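First the structure, in the form of structure tokens, and then the observations on it.
Given the structure is predicted, the values throughout are model-derived calculations rather than measurements. Basis for what follows: all heavy atoms, side chains included, without hydrogens, waters or symmetry-related copies. So you know, we letter chains A, B, ... as the sequences are listed, proteins then strands, and number each from 1.
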There are 2 protein chains.
Amino acid sequence: MTSTTEQPPKRRRDRAAREREILEAAERIFGERGYQGTSMDDVAAQVGVSKPLIYQYYGSKDGLFLACLARLRGQLLDTVADAVMAAPNAEDALYAGFLAWFRFLDEHPQAWSVLVDEGMLSAGPAAEATDEVRAAFIELIATMVRMNLPAGRPVDDDEVQIVAQSISGATERLAIWRTRAAAPPSPEKVARTLQDLLWQGLHTLKTT
Amino acid sequence: MTSTTEQPPKRRRDRAAREREILEAAERIFGERGYQGTSMDDVAAQVGVSKPLIYQYYGSKDGLFLACLARLRGQLLDTVADAVMAAPNAEDALYAGFLAWFRFLDEHPQAWSVLVDEGMLSAGPAAEATDEVRAAFIELIATMVRMNLPAGRPVDDDEVQIVAQSISGATERLAIWRTRAAAPPSPEKVARTLQDLLWQGLHTLKTT
DNA sequence: CCGAGTAACTTACTACGAGTAAGTTCCAGC
DNA sequence: GCTGGAACTTACTCGTAGTAAGTTACTCGG
């Protein structure tokens with residue numbers, strides 16, 4: 001009976017426990033209804049607590065949303081980074097990274113909803129955090145790209161940036177598309193196709 | 001003295017004229033402050049008209065935003081499509097399309113702000129319109145990709161979709177990056193790099 | 001010129017959600 | 001048991017989306 005709905009005899013808890021409880025509820029509700037569609041009153045009611053308490057702990061709606069973001073982002077980033085690092089060479093790393101990305105999103109659909117809504121916050125203070133996440137990813141990609149270049153060659157940083165941004169954008173859009181598509185191709189198929197599309201071009205970079 | 005601020009002796013106009021006037025103001029204000037940062041009262045005040053009139057003409061805030069979107073989207077789509085169609089072969093078409101895209105966005109920065117905020121509306125009825133825009137682009141890209149394939153070969157529609165989605169995502173993210181970067185590379189450079197990155201891979205598609 | 005009829009427009013609201021001020025209740029340690 | 005602080009609440013303010021109901025100005029037939 002200890003399901004998601006909380007039982008009445010809920011008393012005071014220490015701050016850390018409450019914060020966790022609030023965060024979990026927020027993650028769930030943001031995931032279901034999006035940022036706009038979620039009101040602080042909703043979250044408060046779900047936790048069985050009053051609104052000002054949430055404000056005391058998280059400062060603002062953005063603050064709460066950011067906290068959700070940070071957690072999910074960390075998980076996703078770690079997953080992908082691990083897959084990339086575990087690969088024996090650049091070619092495999094590329095595929096492994098894509099695969100890890102699409103698989104994670106398949107396995108954590110509600111996490112992804114939050115992260116997508118993240119993109120929605122072009123305005124607001126959440127935008128900065130959003131950019132940080134993406135910057136981390138792009139840094140990872142850029143590192144991979146550079147790994148793939150012969151050591152002696154001069155590196156055109158603009159080109160590396162362009163490539164990294166492109167890959168980041170492509171994977172994001174593909175992820176969104178897959179959640180919406182009626183019968184999306186498997187993570188393996190998408191990762192493979194992407195890999196095929198990009199691999200040759202990455203070599204071109206190196207010989208330019 | 002007929003600057004952007006309107007002179008007091010502003011009287012009744014017929015509906016079409018007012019709609020245009022409202023749309024222009026909305027486009028400007030949305031472009032400056034984003035969707036969230038713009039209130040209907042702001043727009044009303046700017047036009048020198050009362051809020052309910054805007055509601056009568058555009059139905060809702062989303063409706064007004066959508067109307068802005070539709071116009072800008074149309075311009076952008078036409079520009080890119082023209083460039084693509086004018087190219088003598090697939091390779092040039094790809095480059096020309098990219099170039100037209102990035103140039104347009106350089107030349108219409110406020111238009112782009114609106115289109116970026118567009119992305120922000122994952123929630124709300126604007127999302128549908130957004131998807132339509134993107135679908136149009138993706139259709140254009142998919143057509144180009146198919147043009148590039150030998151006629152006899154069987155076409156894997158999933159792969160074409162994946163590639164088209166990737167390109168769409170890449171160009172969007174690059175556009176956003178360029179507006180934020182301190183010293184973004186020229187449209188030519190970005191278009192060329194993208195072209196280099198993708199061209200080989202598109203051939204791979206055909207021989208798979 | 002003149003009185004409808006209607007399109008253009010306004011005033012004055014409601015509803016709801018973010019954020020806050022000022023408490024009240026419960027538990028720890030003395 | 002009493003006091004101090006952390007956990008928590010009630011009861012607001014303020015801003016903005018959206019609306020109901022009315023008012024003003026143009027127009028067209030007589």
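- Rounded to whole angstrom, the span from the CG atom of D14(B) across to the C1' atom of dC9(C) amounts to 14 Å.
- Between L53(B) atom CG and dG22(D) atom P there is a gap of 19 Å when expressed in whole angstrom units.
- Salt bridge annotation for R18(A)-D14(A): absent, with no cationic side-chain nitrogen under 4.0 angstrom from a carboxylate oxygen.
- Partners of Q161(A) by side chain to side chain contact (heavy atoms under 4.5 Å, CB included), not counting sequence neighbours, listed by chain and number: I138(A), Q165(A), W177(B).
- Dashed line: the shortest gap from a side-chain N or O of R15(B) to OP1 or OP2 of dA7(C) is not under 4.0 Å.
- For K61(B) and dT16(D), the NZ to P distance is 9 Å, given to the nearest whole Å.
- A cation-pi contact, defined as under 6.0 Å to the ring centre and within 45° of the axis, links K61(A) to Y35(A).
- Closest approach to the Y55(B) side chain among dT20(C), dA8(C), dT19(D) is made by dT19(D) (side chain taken as heavy atoms from C-beta onward).
- Residue Y58(B) is classed as having no contact, given no heavy-atom separation below 4.0 Å to the nucleic acid.
- Nearest nucleotide to the S50(A) side chain, out of dC8(D), dG18(D), dC9(C): dC8(D).
- Among the nucleotides dA18(C), dA8(C), dT9(D), the one closest to the side chain of V49(A) is dT9(D).
- With hydrogens and angles ignored, the 3.5 Å screen pairs a side-chain donor or acceptor of T193(A) with a backbone N or O of K189(A).
- For the pair Y58(A) (side chain) and L53(A) (backbone), a donor-acceptor distance under 3.5 Å is absent.
- Residue whose closest nucleotide on DNA chain C sits further toward the 5' end, between Y57(B) and K51(A): Y57(B).
- Side-chain atoms of R178(A) come within 3.5 Å of backbone atoms of P185(A) as a donor-acceptor pair (strictly under, hydrogens ignored).
- Proximity of R13(A) to the phosphate of dA7(D): no side-chain N or O atom is located under 4.0 Å from OP1 or OP2.
- Here the nucleotide nearest the side chain of Q56(B), chosen from dT19(D), dA21(C), dC9(C), is dC9(C).
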If you restrict it to nitrogen or oxygen atoms, what contacts under 3.5 Å exist between nucleotides 24-27 of chain D and the protein, and what is each distance?
unit_1  : atom_1 : unit_2 : atom_2 : d
dT24(D) : O2     : R12(B) : NH1    : 3.1
dT24(D) : O2     : R12(B) : NH2    : 2.5

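- In this structure, R18(A) atom CZ and dC26(C) atom P are separated by 14 Å, rounded to whole Å.
- Electrostatic pairing of E19(A) and R15(A) counts as a salt bridge here, judged by a charged N lying under 4.0 Å from a carboxylate O.
- With hydrogens and angles disregarded, a donor-acceptor distance shorter than 3.5 Å links the side chain of D42(B) to the backbone of S39(B).
- Residue S39(B) is in sugar-phosphate contact alone, with no base atom involved, counting any heavy-atom pair closer than 4.0 Å across all strands shown.
- The side chain of P52(B) lies closest to dT10(C) when the candidates are dA18(C), dG18(D), dT10(C).
- Atom pair F65(A):CZ and dG19(C):P shows a separation of 14 Å (rounding to whole Å applied).
- Straight-line distance from the CD1 atom of I54(B) to the P atom of dT19(D): 14 Å, rounded to whole Å.
- Rounding to whole angstrom units, CZ of residue R33(B) and P of dT16(D) are separated by 10 Å.
- Atom CD1 in I22(A) sits roughly 11 Å away from atom P in dA7(D) (whole-Å rounding).
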